[in-house]
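Scroll down for the structure; my scribbles are underneath it.
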Amino acid sequence: MKTATIVLHKDKEKSLERKHPWIFSGAIHKIINETAQMPEDGELVTVVNFKNEFLAVGHFSNSNIAVRVLSFEEEEINQDFWNKKIKSAFQLREKLNLTSNPETNMYRLVHAEGDGLPGLVIDYYNGTAVIQCHSIGMHNHKNQIVEALKNCFDKKMLIAIYDKSSESLFKQSQTEIKNEYLFEASKPNFVGLENNCKFNLDWINGQKTGFFLDQRENRNLLAKYTNGKKVLNTFCYSGGFSIYALTAGASEVHSVDSSQKAIEWVDENIRLNGFHNKHQSFVSDTLQFFKQNCEEYDVIILDPPAYAKSKKTTHNAIQGYKRLNATALRKIKSGGILFTFSCSQAISRKVFYDTITAAAIEVGRNIKVLHHLSQPPDHPVNLFHPEGEYLKGLVLLIE
Ligand code: SAH
């Protein structure tokens, strides 16, 4: 297929040669297109340097990130390409012991740039693959992605495929994109296992693809600190950290979220795991909860939503993280443990660390850093795309 050619300015190919998968609009010298028109949003384009030498193939987008690279090789983006990419993502999860693990049957199968597929996220929930596209270009290939998934999985292991792209493409798309099943061999399983903890699954009504798979290893670490402890899980969503704490023998767990729906979900998950008499949930803003509640906790988890959606909002986000962490640091028992996170891509690990330090200085308690946390390996970071590292966390001992 003939595609439009994007010619870069002289010397603007450097980041591509270092395999960074984005081309910013400012790097484009000219666009050569047979129809003499701008390529459409999502169209496949070929990228060349100033000397007309091939650099990459990718999806065009009429925005600041003008091309997202699919391949640095001169190859056709056909069914074989999708089969190969999905298979390779699957093989990594196989290596991570996630694809046939009796204790965990949900994981991230495709993590966008981390798996060489910018704009595509696929989460696997006990037989159902939930696709979330973040670019029109990726969504244009949804049928090939479905085929590739069917090719990759053993029949018994793939019951359904659900497209959950409506929200992520809402701003970009001219036409309405529906959330829908693209394949359904039988009724999906709506309960999944993560390290033997049971969770109700709801990719249709839940946030993002339904569950925050990126905290799996951090929840496991939390379990090591919660036996016999009183735990407060703020921004709890469906209660991942709460269930792990109770499984590990916490004496009592309080879960807080501002969303009524999330709290109903936590309560269901608590019942599903049989812990109702040691748990209480609260629909509340976290800061408000700290203000009104005088109880003392041994362990506190702070896992707020991304406070900085872009570089422009980092200043306010830093103030937000500082206020939240200072409040928790004031409240926590002596000898207590704080698990604190930021999932803002625009806040670097160093900035997050410095913000926590600023909060600690304000509070004036002695604090030791026990762990530096990150996202798990089924959310891999492409070394050439450091922007892919979004989740950072610290475990602190407060003396
Ligand atoms: N820790 C969770 C994921 C957190 S997602 C897990 O392991 O699954 C962030 C959650 O914060 C969402 O459920 C959202 O409803 C909630 N939230 C957003 N703003 C809040 C606020 N001000 N106070 C309490 N919860 C809030």
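Values reported hereafter were calculated over all heavy atoms of this structure, with side chains retained and with hydrogens, waters and symmetry mates removed. As the structure lists them, so they are numbered: ligands from 1, and atoms in each ligand from 1.
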E180/K142 ion pair, N-O < 4.0 Å: yes
Atom indices of ligand 1, in the order listed, that fall short of 4.0 Å to a heavy atom of S259: 15 (O)
Carboxylate-amine/guanidinium contact K208 D123, below 4.0 Å: no
Note: K84-E75 ion pair, threshold 4.0 Å (strictly below): yes
For atom 18 (C) of ligand 1, the option (of C236, P305, S255, A306) bearing the nearest heavy atom: P305
Salt bridge present between D115 and R93 (N-O < 4.0 angstrom): yes
Carboxylate-amine/guanidinium proximity below 4.0 Å for R365 and E399: no
D285 neighbourhood, listing ligand 1 atoms whose heavy-atom distance to it stays under 4.0 Å: 21 (C), 22 (N), 23 (N)
Of the listed options S258, G206, G239, S242, closest to atom 26 (C) of ligand 1 (non-hydrogen atoms): S258
The one among Y307, F235, F339 that brings a heavy atom closest to atom 4 (C) of ligand 1: F235
Numbered atoms of ligand 1 (with element) below 4.0 Å of S284, judged on heavy atoms: 23 (N), 24 (C)
N or O pair under 3.5 Å between D257 and ligand 1: yes
Numbering as shown, the atoms of ligand 1 that approach D303 to under 4.0 Å (heavy-atom distance): 1 (N), 2 (C), 3 (C), 4 (C), 9 (C)
Pairing of K261 and E264 as salt bridge, 4.0 angstrom limit: no
Where ligand 1 meets R219 - atom numbers and elements under 4.0 angstrom, heavy-atom basis: 6 (C), 7 (O), 8 (O)
Sub-4.0 Å heavy-atom approach of Q207 to ligand 1: yes
F212: numbered ligand 1 atoms lying under 4.0 Å from its heavy atoms: 3 (C), 5 (S), 8 (O)
Sub-3.5 Å N/O-N/O distance, T286 and ligand 1: yes
Check ion pair K229-E252 (N to O, under 4.0 angstrom): no
Note: K322-E362 ion pair, threshold 4.0 Å (strictly below): yes
